[in-house]
Number of protein chains: 2
Amino acid sequence: MKKDTTHHDHSVESHKACVSLVPIFNHLEDGQLDEIMGTTHSVSYQKHELIYHAGDESNALYIVNKGKVRIYRLSESGKEQLVRILNPGDFTGEMALFSESTHETYAEAMVNTKICMINRLDLQEFLMKYPSISLKILAEFSHRLDASEKQSSRFATEKVDTRIALFLVDYLDKEISGTDELTLPMSKKDLASYLGTTPETISRKFNELEDRGYIKQLTHKQIRIVDLDGLLFV
Amino acid sequence: MKKDTTHHDHSVESHKACVSLVPIFNHLEDGQLDEIMGTTHSVSYQKHELIYHAGDESNALYIVNKGKVRIYRLSESGKEQLVRILNPGDFTGEMALFSESTHETYAEAMVNTKICMINRLDLQEFLMKYPSISLKILAEFSHRLDASEKQSSRFATEKVDTRIALFLVDYLDKEISGTDELTLPMSKKDLASYLGTTPETISRKFNELEDRGYIKQLTHKQIRIVDLDGLLFV
DNA sequence: CGGCATTTTGACCTCGTTCAACAACTGTGG
DNA sequence: CCACAGTTGTTGAACGAGGTCAAAATGCCG
């Protein structure tokens, strides 16, 4: 399971990159960065491997160094919902770190993935020593809370086609888009799970949006936004 | 707007209570509490008055001292969703404090309400000075994030009757329940908004749950849980 | 008591799920 | 490089959950 920690130079290099890459640390001075780097260890996961599991005790903050991670939940009735996808620089594991002692979500490597872990106690020490880190994490939490509540509110009040349209618009915003084309960041199956519907409905609604002239489906994953304003008024 | 800060003894008393009452501060020593108290000011709101408004600039942390506050969102299509209800000791306003500069939600006094406000800059100063406060807030945020994601996930995967059942069970858990009776903390109209459905459906589903022998509706707001296990398997 | 908001009930209709079959895509080993 | 198997995506038809609209009933507060 544990790999690459004392492997060769390249590993150490990317190890440093891992910490300095993250928004919550990248404002620190070099000396402080080194100090944090010293306590992290790096772990690699194979595609489809579980990084943690609901019910697991939480002992670390996980920072994605390379790869992609699916965070999902199982609802009371056993259905899976995709919560978010982590890309390099994103972190997780915090939930359990600060309040609950066990994870509520599942984290699964979508491709071969390298994670930097910071031990819970080490992190708490840093937070007490460098309070500015807390402020960064608080900012990140605020964003996530906002995103999650917005998502909740859309589930509560919008129909599926609107949720899809808003997803596309949001996602286009996030891309450094000089373009009107986008590549779906996940399979349509996952998108269905993320948007609280079924793959069948996703498929039909995409066709509907295309028929109405708002989008053009280039391939399964490539989409061109033809009429952004139209999309916003679905 | 500003009231009660130098009013009379009773006001100062409750002012202190306000700060020392809150989980995020109540671990501090007396001297530190006094210091924070010194920077807070107290504001009163009438029933139905808005405390803040989506789009408002955020300048303060709001702690409920007395009363009840409805936090809600308007979705893209203009429908309202109830996000949470604040009781004495709960706080809000944080979203904008740490990341966005404007509020995404609306906060409305449900009854005559007294709020303690801590200025954004003062708070940041305290966070840098007493890092343990950040840890408390991080813990609180973790909880909220978890609650919000859980809610999201229920919207995405459960039908209305299950959401209602889970709401009742959760709420019964939260009460210091030696009893199997509960008083709904909000109107059914608000409950509908909170659970992402309509008052009509709420009404019908409550009847259904009663017909199936899981609950008994004593009055509009009083409910007895007759068969908890049944409710969990709805 | 009278007025107003909340809650309930009924009838109807729409949206989205479900199930089943098929098509397209991806990766693996021969 | 192709064949095959396992996913993932698409399409059709039927059903059902829940939204909508209208109207009546209940409860609340001045």
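The chains referred to below are lettered A, B, ... by the order of the sequence lines, with proteins before strands, and numbering in each begins at 1.
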Q. In residues 153-161 of chain B, which ones come under 4.0 Å of DNA chain D, going by heavy atoms?
A. K159(B), V160(B)

Q: Could I get the full list of side chain to side chain contact (heavy atoms under 4.5 Å, CB included) partners for A107(A), not counting sequence neighbours?
A: I51(A), Y52(A), V69(A), I71(A)

Q | Listed once per pair and sorted, the side chain to side chain donor-acceptor pair (under 3.5 Å) pairs that draw on residues 224-234 of chain B, sequence neighbours left out | A | E181(B)-R224(B)

Q.
Test of understanding: with side chain to side chain contact (heavy atoms under 4.5 Å, CB included), list the residues that count as partners of H53(B), not counting sequence neighbours.
A. L50(B), D56(B), Y106(B)

Write down the protein N/O and nucleotide N/O pairs, taken from nucleotides 25-29 of chain D, whose separation is under 3.5 Å; answer none if there are no such pairs.
none

Q: Measure from CG on L191(A) to C1' on dT10(D) and round the result to the nearest Å.
A: 15 Å

Q | Sequence-distant partners of R204(A), side chain to side chain contact (heavy atoms under 4.5 Å, CB included), two or more places apart | A | E200(A)

Q. What residue pairs, at least two apart or across chains, pass salt bridge (charged side-chain N to carboxylate O under 4.0 Å, His left out) with a residue in residues 60-75 of chain A?
A. R70(A)-E80(A), R70(A)-E108(A), R70(A)-D190(A), R73(A)-D146(B), R73(A)-E149(B)

Q. Which residues satisfy the side-chain hydrogen bond (donor to acceptor under 3.5 Å, both in side chains) test with S148(B), sequence neighbours excluded?
A. S148(A)

**Q.** Distance-only side-chain donor-acceptor flag, T157(B) / Q81(A), under 3.5 Å
**A.** no

Q.
Counting only heavy atoms and a strict 4.0 angstrom limit, can you tell me which residues of residues 195-208 of chain A come near DNA chain C?
A. G196(A), T197(A), T198(A), E200(A), T201(A), R204(A), K205(A)

(Q) For a quick check under 3.5 Å, do Q151(A) and S152(B) share a side-chain donor-acceptor pair by atom type? (A) no

Q.
We want to know whether Q222(B) and T183(B) form a side-chain donor-acceptor pair, criterion being a heavy-atom distance below 3.5 angstrom.
A. yes

Q: Walk me through it: do S142(B) and F141(A) pass the test side-chain contact (heavy atoms from CB on, under 4.5 Å)?
A: CA-CA 8 Å; S142(B) 289; F141(A) 274 22; 3.6 Å; yes

Q.
Can you list everything that forms a side chain to side chain contact (heavy atoms under 4.5 Å, CB included) with D90(A)? Sequence neighbours excluded, please.
A. L86(A), N87(A)

(Q) Can you list everything that forms a salt bridge (charged side-chain N to carboxylate O under 4.0 Å, His left out) with E140(B)? Sequence neighbours excluded, please. (A) R144(B)

Q) Which is the 5'-most and which the 3'-most nucleotide of DNA chain C that has an atom under 4.0 Å from a heavy atom of chain A? A) dC15(C) to dC25(C)

